[in-house]
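Report on the structure given below.
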2 protein chains.
Amino acid sequence: MVTLAEVAQHAGVSASTVSYVLSGKRSISGATRQRVEESIRELGYHPNAGARALASSKSNIIALMIPLRTDMYVPVMMEIAIAVATTARTHGYDVLLLTGEEGPDAVRRVTGSGLADAMIVMDVELHDERLPLLRDTDQPSVLIGLPADTSGLTCVDLDFRATGALCVEHLAMLGHRDIAVIGEAPAVYERHTGFAERTLDGLRSRAGELGVRLLHRPCDGGYDAMAVTLARVLDERPTTTGFVVQNESAVEPLLALLRQQGRAVPEDVSVVAICPDQVAVQASVRLTSVAIPAQEMGRHAVARLVAKLDGREGDEVVLIAPELTVRASTGPAPTVA
Amino acid sequence: MVTLAEVAQHAGVSASTVSYVLSGKRSISGATRQRVEESIRELGYHPNAGARALASSKSNIIALMIPLRTDMYVPVMMEIAIAVATTARTHGYDVLLLTGEEGPDAVRRVTGSGLADAMIVMDVELHDERLPLLRDTDQPSVLIGLPADTSGLTCVDLDFRATGALCVEHLAMLGHRDIAVIGEAPAVYERHTGFAERTLDGLRSRAGELGVRLLHRPCDGGYDAMAVTLARVLDERPTTTGFVVQNESAVEPLLALLRQQGRAVPEDVSVVAICPDQVAVQASVRLTSVAIPAQEMGRHAVARLVAKLDGREGDEVVLIAPELTVRASTGPAPTVA
DNA sequence: AGTCTCTGTCGAAGCGCTTCGACAACCTAT
DNA sequence: ATAGGTTGTCGAAGCGCTTCGACAGAGACT
């Protein structure tokens with residue numbers, strides 16, 4: 001294993017000079033810099049991470065807490081994680097993967113041990129146990145998701161309220177007057193995951209303003225659950241012509257069921273999904289959808305975090321504006337015979 | 001920030017004693033141990049990760065390289081990643097998330113800097129550039145997936161050859177004589193990702209033995225791609241009554257298309273999927289499938305890696321035996337009229 | 001009583017790096 | 001020519017921990 005000292009010796013300079021070449025924190029003459037850089041290359045030197053962390057009290061690692069559950073939103077989580085990892089690298093950080101399993105203890109452990117310099121927390125609940133810890137510590141953190149009280153926190157999320165409103169608007173504009181909302185799994189609401197409630201909020205308030213009737217039903221993913229839910233919805237409100245689907249694993253089942261019942265999409269029934277674009281274009285009907293900008297959220301979170309680490313920024317809530325893309329699953333409401 | 005020295009002072013012992021209490025590497029009297037442990041709790045001490053890594057030259061971090069692409073197998077990847085992270089924690093390790101983006105350089109960086117003690121590599125190609133590096137370094141590593149040459153490497157994977165064979169056997173046993181294989185996206189084969197080719201191998205050789213005709217077609221995910229592929233298959237071999245689907249994002253589209261064409265599953269056509277159980281049970285027809293044991297693979301990989309770190313084990317290839325679960329998507333081949 | 005072996009504890013030496021203050025050497029403006 | 005400012009480099013002091021050798025004291029054996 002090659003050390004700084006060996007590089008220094010090889011280049012005929014002192015260790016501190018090599019360090020300054022590496023960090024750029026003091027000016028170094030061109031000649032010296034070149035000599036050092038060449039020695040580094042020649043010897044295949046890699047700075048020791050532990051020593052660096054110890055001496056500088058910075059690990060250059062960002063912790064990413066992902067949910068343990070793989071029951072919802074998996075592609076979105078994955079995409080965010082990957083975006084976080086790659087973006088972090090461009091800023092010189094690596095990413096430590098923490099699952100929610102340890103809960104708040106993970107926060108203590110990581111901040112206490114200096115394992116990571118900062119933290120990104122996903123799948124935030126409205127009253128998350130981790131929040132007090134994050135507020136207390138002086139380690140910067142960014143939440144992906146929005147808790148009830150955002151004071152003293154930096155959050156990045158899709159504006160789900162606006163997302164809900166946008167979906168209703170689109171359907172209302174097309175003349176739909178009875179809209180069913182196929183929501184996330186009941187467990188998601190029970191956990192008080194913010195985004196689900198905020199979407200609903202946006203849906204309801206805009207529906208109220210536009211005089212549209214709304215029927216919201218949580219729904220587990222999969223074909224069977226969707227079948228039950230759909231039957232109930234149509235039983236309760238046979239005049240339903242518009243659907244907003246938030247649970248991406250309910251989308252394809254819904255389309256299959258509608259088809260099976262002889263209801264044509266979009267002639268008889270319109271469907272708006274809230275899902276990643278990839279899902280929307282791969283469905284059996286190309287779906288009009290509001291995209292979940294997973295990559296953007298991941299990139300944003302890292303950008304904020306790095307800004308905070310550099311002392312460039314304070315707390316802030318960033319809500320990404322939703323965008324609705326019209327595809328083949330929505331059309332004018334059928335005129336009543 | 002609380003240090004070892006402060007804990008030592010608080011407990012009235014030397015620093016080394018505290019260290020030995022923590023590591024258990026020397027015997028400590030019960031009384032002393034208790035006193036130290038109490039001081040630790042009272043002061044809220046967390047050992048500094050950097051200092052530890054420097055002094056012991058072990059970081060207690062496992063690097064996990066995941067593929068950058070989110071175009072295939074996302075849930076499987078995610079499940080593996082989560083299983084790796086949680087299993088690693090039970091062994092006292094944290095997980096560093098690396099995307100394939102940096103390529104072989106990531107291997108150099110991580111092993112060179114001592115950032116991680118060991119490495120798990122996913123999405124291994126048959127002739128992966130990272131393999132020589134992994135063989136050369138003295139850092140233990142485990143591959144999830146199987147390259148062409150496994151010498152000097154530890155690998156964990158589902159036995160995809162046996163998986164392919166199993167699928168054919170099941171269909172053959174039910175009387176199917178013409179089987180179509182809906183494979184992964186063409187890009188997957190072009191990359192020479194091992195599992196896809198090994199599956200095919202298993203399918204073909206067993207088909208040969210059993211006198212079954214096989215037609216293999218790669219297929220991108222999604223409805224449109226599946227529609228094209230299906231049309232071609234049925235055009236070329238109208239007598240096809242069995243399908244083996246490896247691309248999970250082609251499963252639901254295939255079922256929808258078959259339904260649409262009036263082909264009943266499993267009365268007219270049988271479908272076997274190679275996919276996680278969750279996908280199989282959530283589909284519109286409960287799918288007979290060979291499960292991809294993502295969690296098991298993740299856990300296994302960590303277990304092997306930890307064993308190697310402890311010097312308990314050498315290189316080895318672990319192939320997990322496939323299990324086929326019969327559900328509602330397969331049945332006897334229709335008798336020709 | 002003396003020797004030997006454990007057991008439990010301590011002190012000190014680093015691990016490889018960053019960073020601070022010091023200081024030559026040079027330049028610029030008086 | 002001199003004071004003052006830059007610029008480039010060095011030496012040394014840690015960062016907080018692990019680990020090795022040393023050693024006092026207790027117990028077991030002759």
Side-chain angles (χ1 to χ4, degrees), chain A residues 1-37 39-40 43-61 92 94 109-117 309, chain B residues 1-37 39-40 43-61 92 94 109-117 309:
Chain A
M1 204 201 161
V2 189
T3 68
L4 228 213
E6 290 169 339
V7 173
Q9 194 175 1
H10 187 271
V13 298
S14 75
S16 47
T17 301
V18 177
S19 178
Y20 286 124
V21 167
L22 250 30
S23 69
K25 290 190 180 170
R26 284 203 183 172
S27 54
I28 297 285
S29 70
T32 306
R33 154 169 290 115
Q34 281 196 359
R35 210 141 29 87
V36 169
E37 280 170 352
S39 293
I40 289 176
L43 300 178
Y45 168 70
H46 285 272
N48 179 291
R52 231 173 202 195
L54 177 56
S56 65
S57 22
K58 300 198 310 164
S59 63
N60 284 300
I61 289 180
D94 271 296
R109 192 169 61 84
V110 168
T111 60
S113 67
L115 228 190
D117 296 332
L309 281 165
Chain B
M1 206 201 160
V2 189
T3 68
L4 227 213
E6 289 168 342
V7 173
Q9 195 175 2
H10 185 270
V13 298
S14 75
S16 47
T17 301
V18 177
S19 177
Y20 287 124
V21 168
L22 251 30
S23 69
K25 292 191 179 170
R26 284 202 183 173
S27 55
I28 296 285
S29 70
T32 306
R33 156 170 288 116
Q34 281 195 1
R35 210 141 31 86
V36 169
E37 280 170 353
S39 293
I40 288 176
L43 300 178
Y45 168 71
H46 284 273
N48 179 290
R52 242 180 189 186
L54 177 57
S56 66
S57 20
K58 300 198 310 162
S59 62
N60 284 300
I61 290 181
D94 272 295
R109 193 168 61 83
V110 169
T111 60
S113 67
L115 227 189
D117 295 333
L309 281 165

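Residue numbers start from 1 in every chain, and the chains themselves are labelled A, B, ... in the order their sequence lines are given, proteins ahead of strands.
In this structure, B:Thr3 reaches the sugar-phosphate backbone alone: every heavy-atom distance under 4.0 Å involves primed, P, OP1 or OP2 atoms, never a base. Using a 4.0 Å heavy-atom cutoff across all strands shown, B:Ile28 reaches sugar-phosphate atoms only and no base atom. Among the heavy atoms of the strands lying under 4.0 Å from B:Ser29 are primed sugar atoms or P, OP1, OP2 only; no base atom is included.
Here the CD atom belonging to B:Glu37 is positioned 10.5 Å from the OG1 atom belonging to B:Thr32, to the nearest 0.5 angstrom.
B:Gly44 and B:Val2 make their closest contact through O-CG2, 4.2 Å (heavy atoms, listed as atom of the first residue, atom of the second, distance). When all heavy atoms are compared, the tightest approach of B:Ser39 to B:Ala11 is OG-CB, 3.3 Å. Between A:Leu43 and A:Val7 the shortest heavy-atom distance is CD1-CA, 3.9 Å. A:Ile28 and A:Tyr20 make their closest contact through CD1-CB, 3.9 Å (heavy atoms, listed as atom of the first residue, atom of the second, distance). Residues A:Gly50 and B:Ala53 come closest through the heavy atom pair CA-CB, 4.1 Å. Scanning both residues, B:Glu6 and B:Met1, for their nearest heavy atoms gives OE1-O, 3.6 Å.
Nucleotides of DNA chain C with any atom under 4.0 Å from a heavy atom of chain A span, from 5' to 3', C:dG16 to C:dA22.
Contacts of residues 18-27 of chain A with DNA chain C (heavy atom under 4.0 Å): A:Ser19, A:Tyr20, A:Lys25, A:Arg26.
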Next item on the list: Apply the test side chain to side chain contact (heavy atoms under 4.5 Å, CB included) to residues B:Thr17 and B:Arg35: give CA-CA distance (whole Å), side-chain angles for both, the deciding distance (0.1 Å), then the verdict.
Entry: CA-CA 11 Å; B:Thr17 301; B:Arg35 210 141 31 86; over 6 Å; no

